[in-house]
Asker: 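Dumping the structure here so I can ask a few things about it.
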There are 2 protein chains.
Amino acid sequence: MAQDDVYPVSLACGDCPIQHRAVCARCDSEELVELEKIKYYRSFEAGQTVIWAGDQMDFVASVVSGIATLTQTLEDGRTQMVGLLLPSDFVGRPGRARAAYNVTATTDILMCCFRKKPFEEMMDRTPHIAQRLLQMTLDELDAAREWMLLLGRKTAREKIASLLSIVARRDASVNMSTAAARMTFDLPLTREAMADYLGLTLETVSRQMSALKRDGVIELQGKRHVTVPDMDRLLLEAGDDSDGGFLV
Amino acid sequence: MAQDDVYPVSLACGDCPIQHRAVCARCDSEELVELEKIKYYRSFEAGQTVIWAGDQMDFVASVVSGIATLTQTLEDGRTQMVGLLLPSDFVGRPGRARAAYNVTATTDILMCCFRKKPFEEMMDRTPHIAQRLLQMTLDELDAAREWMLLLGRKTAREKIASLLSIVARRDASVNMSTAAARMTFDLPLTREAMADYLGLTLETVSRQMSALKRDGVIELQGKRHVTVPDMDRLLLEAGDDSDGGFLV
DNA sequence: CGCCCCATTGACTTAAGTCAATATGTGTGG
DNA sequence: CCACACATATTGACTTAAGTCAATGGGGCG
């Protein structure tokens with residue numbers, strides 16, 4: 001397992017940027033005191049592996065800042081990303097001893113880790129945590145299913161457009177900016193990571209990015225900074241159901 | 001929405017074939033009494049639609065017997081299966097008013113429905129239910145992620161072999177038969193449903209089934225009855241990690 | 001400056017899709 | 001009981017989207 005920085009990061013739950021969205025979101029102050037006792041922070045640099053599939057895992061964690069990926073691989077090296085972990089997302093499964101997926105830091109990340117045993121015990125007596133985790137897991141399942149539609153049925157161009165709109169939407173929600181017609185954001189993934197996300201090769205990703213640029217759907221400043229002049233156009237290219245209506 | 005049979009089916013929880021695996025698995029007898037009050041049964045014939053994506057959904061349910069599918073579609077009709085519902089699987093999401101997916105009965109099915117409002121209220125005060133549902137949802141998420149690897153990175157032949165081994169494994173677990181070298185089972189899906197599951201066309205499914213037959217990996221009795229002379233061989237064709245080791 | 005990583009582009013191959021004809025099988029009514 | 005119709009499945013011929021292999025380009029950092 002990769003070496004991580006273990007310099008003492010300290011952060012009171014009350015000052016935590018993800019407190020309102022993380023697994024602890026519903027906890028009252030008493031419960032937070034209890035969580036403080038079993039938590040510790042770890043940070044990883046961009047590119048580092050947080051944990052390998054199959055490794056013993058004695059903690060569960062929340063991503064505090066940065067981006068990490070969950071990937072699965074076939075023996076011959078083909079790899080598929082199966083999760084994109086953003087701030088407030090949860091890593092690990094209570095009741096499971098070993099990691100099921102590779103977790104890799106895509107940017108520098110900070111994770112709030114809970115020792116697994118005490119966390120599990122606490123979950124058994126704290127419905128707030130189990131309820132919140134259930135909600136988050138159901139959301140992830142919905143995301144996974146939308147992703148399955150993308151992987152199984154969309155063309156390369158649609159896949160790229162879908163990924164770009166997902167990143168744009170998330171970026172808007174983080175920056176509290178309203179979803180405008182024209183949007184600009186950073187793409188936190190390499191072409192290879194995009195390919196692993198979308199079930200494509202990196203060459204195809206590159207070609208389709210160029211094609212979308214040529215067709216005026218996107219503009220590129222450098223490799224990673226994207227401007228979408230017309231979000232509706234992008235959404236159309238993504239091929240999703242027109243009514244971007246959200247299910248409640 | 002399709003017409004369903006509402007003839008009065010009645011089944012005490014104590015006699016329920018899925019009681020030990022369903023969302024109510026952890027409930028004590030007192031809790032079961034409460035559940036009895038808010039439950040009712042509905043049955044659907046093979047081919048019927050249980051609910052359309054977007055429809056109001058005033059119940060959640062467990063599949064008691066039979067098989068149903070969850071599908072998602074693009075506007076132009078491309079469809080992708082995103083869930084295969086077997087006995088004891090749960091349908092619907094507490095806290096959500098409308099169905100997110102199309103639910104279709106593949107065989108005749110019986111569902112144990114709970115009125116949504118009272119079920120949600122009960123969930124809030126009954127940790128056993130939320131805990132069990134969390135466990136089931138985490139299992140589904142794992143299955144969805146394995147499926148994503150299949151959709152994104154496997155070849156048509158590997159996809160078919162994977163589906164066959166999943167069905168074989170499930171069949172074995174239902175029949176309590178040990179996973180033997182030689183196995184025989186029914187394939188409860190049409191070629192089209194298989195294609196929707198695997199992100200392929202039905203022609204490709206047909207061709208690959210023929211190829212696996214020609215190569216001696218499977219034998220067919222009629223369209224739907226499959227014999228696998230050597231499960232290890234099939235697993236190999238599925239391309240999964242050799243150690244079929246299960247994560248706990 | 002030059003190296004390294006990441007990305008782009010081109011030429012060619014191939015797996016899977018499309019369109020279409022044919023086969024198999026099942027249930028219904030004459 | 002047969003024959004017809006309709007569903008489902010198979011197979012063939014051809015097309016195409018995406019993959020592969022390989023060369024080239026460009027930006028950032030020591």
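Every chain is numbered from 1, with letters handed out A, B, ... down the list of sequences. Here the structure is a predicted model, which means the values were calculated and not measured.
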Asker: Within the 4.0 Å heavy-atom criterion, would you say A:Arg224 contacts the bases, only the backbone, or no part of the nucleic acid?
Answerer: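 Since only primed, P, OP1 and OP2 atoms lie under 4.0 Å of A:Arg224, the category is sugar-phosphate.
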
Asker: May I ask you to test the A:Val217-A:Val228 pair for a side-chain heavy-atom distance under 4.5 Å?
Answerer: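 A:Val217 does not reach A:Val228 side chain to side chain.
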
Asker: Are any side-chain N or O atoms of B:Lys154 and backbone N or O atoms of B:Leu149, one a donor and one an acceptor, separated by less than 3.5 Å?
Answerer: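 Looks like no, no N/O pair under 3.5 Å.
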
Asker: Which part of the nucleic acid, if any, lies within contact of B:Leu200, taking any heavy atom under 4.0 Å across all strands shown: a base, the sugar-phosphate backbone alone, or nothing?
Answerer: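 Sugar-phosphate: the residue B:Leu200, judged by heavy atoms under 4.0 Å, touches backbone atoms but no base.
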
Asker: Please check if the side chain of A:Thr204 supplies one atom and the backbone of A:Leu200 the other of a donor-acceptor pair under 3.5 Å.
Answerer: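 Pair absent, no side-chain N/O of A:Thr204 close to backbone of A:Leu200.
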
Asker: Check whether B:Gln72 reaches the backbone of B:Thr79 with its side chain - one donor and one acceptor, N or O, closer than 3.5 Å.
Answerer: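 No; judged by distance alone, with no hydrogens or angles, the pair does not exist.
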
Asker: Within residues 206-223 of chain A, which residues have any heavy atom lying less than 4.0 Å from an atom of DNA chain D?
Answerer: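 Within this stretch, A:Arg207 sit under 4.0 Å of the strand.
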
Asker: Just checking, A:Arg169 and A:Phe185: is the charged tip under 6.0 Å from the six-membered ring centre and within 45° of the axis?
Answerer: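 No, cation not above the ring by the 6.0 Å, 45° rule.
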
Asker: Parallel under 30°, tilted from 30 to 60°, perpendicular over 60°: which one fits the rings of B:Trp147 and B:Tyr197?
Answerer: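 Judged by the thresholds at 30° and 60°, the geometry between B:Trp147 and B:Tyr197 is parallel.
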
Asker: Does A:Asp215 come within less than 4.0 Å of A:Arg157, counting only side-chain N to carboxylate O?
Answerer: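 Counted as a salt bridge, because a side-chain N and a carboxylate O are separated by less than 4.0 Å.
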
Asker: Is D:dA7 in the syn or the anti form, by the rule that syn lies within 90° of 0?
Answerer: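 Syn, angle within 90° of zero.
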
Asker: Can B:Arg98 and B:Asp58 be counted as an ion pair, charged N to O under 4.0 angstrom?
Answerer: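 Salt bridge between B:Arg98 and B:Asp58, a charged N being under 4.0 Å from a carboxylate O: no.
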
Asker: Take the protein atom CD of B:Glu203 and the nucleotide atom P of C:dA21, then report the distance between them rounded to whole Å.
Answerer: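 About 14 Å, once rounded to whole Å.
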
Asker: Tell me whether A:Lys159 is salt-bridged to A:Glu237, with the criterion being a basic N under 4.0 Å from an acidic carboxylate O.
Answerer: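 Judged by the 4.0 Å cut-off on N to carboxylate O distance, A:Lys159 and A:Glu237 do not form a salt bridge.
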
Asker: Between B:Gln208 and B:Val205 (side chain of the first, backbone of the second, donor and acceptor by atom type, cut-off under 3.5 Å), is there such a pair?
Answerer: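 No, B:Gln208 side chain to B:Val205 backbone: no donor-acceptor pair under 3.5 Å.
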
Asker: Under 4.0 Å between a side-chain N/O of A:Arg191 and OP1 or OP2 of C:dC5, yes or no?
Answerer: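 False: A:Arg191 side-chain N/O out of range (4.0 Å or more) of C:dC5 OP1/OP2.
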
Asker: Going 5' to 3' along DNA chain D, which nucleotides are the first and last within contact of chain B (any atom under 4.0 Å from a heavy atom)?
Answerer: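 First-to-last contact on DNA chain D, by the 4.0 Å heavy-atom rule, is D:dA9 to D:dA13.
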
Asker: Over its full length, what angle do the end axes of the helix from C:dC1-D:dG30 to C:dA23-D:dT8 make, each axis taken from five pairs and the result rounded to 10 degrees?
Answerer: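 For the helix from C:dC1-D:dG30 to C:dA23-D:dT8, the axes at opposite ends meet at about 40°.
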
Asker: Is B:Arg153 paired with A:Asp76 through a side-chain N to carboxylate O contact shorter than 4.0 Å?
Answerer: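 A salt bridge is absent here (no side-chain N lies under 4.0 Å from a carboxylate O).
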
Asker: Taking any heavy-atom pair under 4.0 Å as a contact, classify A:Gly199: base, sugar-phosphate, or nothing.
Answerer: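 Touches sugar-phosphate only.
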
